[in-house]
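Before any comments, here is the structure.
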Amino acid sequence: WINETGIDGFRCDAVSFMPLDFWTSAIPQLKSLKPDLFMVAEDDGTEYQSAGFDMTYAWGYHGFGSGILCNIVAGTNNANKLANYVNYENTNFDPDHYRMYFTSNHDENSWYGTDFEEFGNATEEFIVLTTTFRSMPLIYSGEEAGLDHRLLFFDKDQIIWHSHPFAQIYSTLFNLKKLNLALWNGAAGGQIQRINSSNNNAVYAFVREKDNCRIFEVFNLTDQQQTFTLQGNLYTGNYRNVFTDDSVNFSDNTEMTLPSWGYKVYEYGSGITEIQNVSETLSDFTLYQNYPNPFNPATRIKYTISNLTSSSIIFVQLKVYDFLGREVATLINKEEPAGTYEVTFENNNLASGIYFYRLQAGSFSQVKKMILMR
């Protein structure tokens, strides 16, 4: 499968049914054939990190009809419990080991119910939280189409695809995840830092920050409207509302009101659109698609630095990352004046696969994908 078909990863079902020493022996042999092979263990145990798996299931977050999300809806858990869970995840799982968070999967849907059955009015909020949570989110088949029935587990069962608001939510958030470094997976992204409020039991607010990119989110994890005051200054600054494109400024001790199961998502650093009252104009920077693409062995990357910046020069970084978010090359790391530039990327030591290149110029940041084919 690896050598002849080019499979780039395996999900190992019921992984605990095999002795751990089987995996510690098998995975290194597989990765000797393909070093960037992605191995997923369908288990929640910390021991699968050392066994060589790249990702495990976060069953404690949600799964088998239970977990943090279901318990919040039931009223037996609250925002503080979610905060404790995040601390546990940060402490027990290495940042480079991915955790997979989800609101549904094939077991959950078939045996315990759809998102709507399990979460009711909290469904949309939990989708937003999960998609922007730490590490890697999963979309199960049909969630973006508002899947509202349990799929047959052992028989063919068609998903009815139709327009649904969740499709735009997923599209917006995954585009943001691609362009805002704070949402990148594992150590490549920003760690969740909780923002305390005057009602920590009901409200979970946090920032994720990486380099010059930041995500700021607030969730009302109850079925009642909540008015509260955010504490500290971790979140202060200028942002873009992800779903409305409005520019918003937050100062210390901001008071907010959210409806039941309400949420807000703010960001800066993606370069998607301009945020008012910042020192640089973002909309006149451009990162072009590399050419050729796919490429072997070299490709050219072109970018434009705006002539509308507040100073005559600006510090520019252009870096290349692999599919797991690990930096593999720094192409530009210096101050440059306004203008259009082009740089050649060539690395004969890299394996075939998908890579990302990211331009950071002041507050502007943009990411594009390229494919190396040996």
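Please read all numbers here as calculations on a predicted model, not as lab measurements.
- With hydrogens and angles ignored, the 3.5 Å screen pairs no side-chain donor or acceptor of Thr91 with any backbone N or O of Tyr88.
- A heavy-atom distance below 4.5 Å is not found between the side chains of Phe216 and Val265.
- Taken to the nearest 0.5 Å, the NZ atom of Lys31 stands 6.5 Å off from the CG atom of Leu37.
- Using a 4.0 Å cut-off between charged side-chain N and carboxylate O, Glu267 and Arg214 make no salt bridge.
- The shortest side-chain heavy-atom distance between Val218 and Tyr263 does not fall under the 4.5 Å cut-off.
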Can Arg99 and Asp44 be said to form a side-chain contact (heavy atoms from CB on, under 4.5 Å), step by step?
CA-CA 9 Å; Arg99 295 283 281 160; Asp44 209 9; 2.4 Å; yes

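- Because its NZ or CZ atom is both nearer than 6.0 Å to the ring centre of Tyr288 and within 45° of the ring axis, Lys302 counts as a cation-pi partner of that residue.
- In this structure the side chain of Asn212 reaches within 4.5 angstrom of the side chain of Gln360, judged on heavy atoms.
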Identify every side-chain donor-acceptor pair in residues 166-179 under 3.5 Å, counting partners at least two apart or on other chains, and give the distances.
unit_1, atom_1, unit_2, atom_2, d
Gln168, NE2, Thr172, OG1, 3.0
Thr172, OG1, Gln168, O, 2.9
Lys177, NZ, Ser135, O, 3.4
Lys177, NZ, Leu183, O, 2.7
Lys177, NZ, Asn185, OD1, 2.8

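- Under a hydrophobic-cluster definition in which Ile, Leu, Val, Met, Phe, Trp and Tyr are linked whenever side-chain heavy atoms come within less than 4.5 Å, directly or via other members, Phe93 and Trp23 are assigned to different clusters.
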Test side-chain contact (heavy atoms from CB on, under 4.5 Å) on Asp8 and Lys34 and set out the steps.
CA-CA 8 Å; Asp8 59 5; Lys34 190 176 183 66; 3.9 Å; yes

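- Remark: side-chain polar atoms of Tyr235 are paired, donor with acceptor, to backbone N or O of Ser251 under 3.5 angstrom.
- Met39 is not connected to Met100 by any chain of hydrophobic side-chain contacts under 4.5 Å among Ile, Leu, Val, Met, Phe, Trp and Tyr, and they are in different clusters.
- A distance of 12.5 Å separates CD1 in Ile7 from CG in Leu30, rounded to the nearest 0.5 Å.
- The pair Asp211-Lys319 does not meet the salt-bridge criterion, since no charged nitrogen lies less than 4.0 angstrom from a carboxylate oxygen.
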